[in-house]
Amino acid sequence: MVSAISGSSQATQYSSSSSSSNAAQEAALEKQIQDLEDQAKAIKDQVQAAQVQQDIAVAQAKLDALRAADADKAAKAAQSQSRPSAAALRQAEFDGEKTTSSNEFWM
């Protein structure tokens, strides 16, 4: 009878020891899972940030191209306004008007 009680007590001790060990393993695994999920989120955030940076670079390149095109148009418009047309130059020469410094001695 004593051996039956002793055997039962050992089984209870093993069971409680085993369950506390399992609880510790479960807690450790839950923490590991949470850490991995956090890492996955951080990586996902980094990938999204990289994609946004790429989108920003594309938009900036488009903006720079538009500004360059506008500047080129403005420069051409200013150049065409400041320079008299060929027809106006010919008419001025015909009328005997001074058109440029190169014909300063024109008669």
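The chain is numbered in sequence order, starting from 1. Only this structure's heavy atoms are used, side chains among them; waters, hydrogens and symmetry mates stay out.
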Participant: Are more than 12 heavy atoms, taken from residues, nucleotides or ligands other than Gln48, located less than 6.0 Å from that residue's CD atom?
Facilitator: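 More than 12 within 6.0 Å, yes.
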
Participant: Would you say that Lys44 contacts Val47 through its side chain, given a criterion of any heavy-atom pair below 4.5 Å between the two side chains?
Facilitator: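 Side-chain contact under 4.5 Å: no.
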
Participant: What I want to check is whether the side chains of Asp38 and Gln34 have a donor and an acceptor closer together than 3.5 Å.
Facilitator: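 Short answer, yes.
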
Participant: Quiz question: by atom type and distance under 3.5 Å, do the side chains of Gln60 and Asp64 form a donor-acceptor pair?
Facilitator: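 The criterion, which ignores hydrogens and geometry beyond distance, is satisfied for Asp64 and Gln60.
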
Participant: Taking the side chain as every heavy atom from C-beta outward, state whether Asp70 and Arg67 have any atom pair closer than 4.5 Å.
Facilitator: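 The answer is no, as the side chains (C-beta and beyond) never meet within the 4.5 Å cut-off.
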
Participant: Does some side-chain heavy atom of Gln32 sit less than 4.5 Å from a side-chain heavy atom of Asp35?
Facilitator: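 Contact flag for Asp35/Gln32 side chains = no.
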
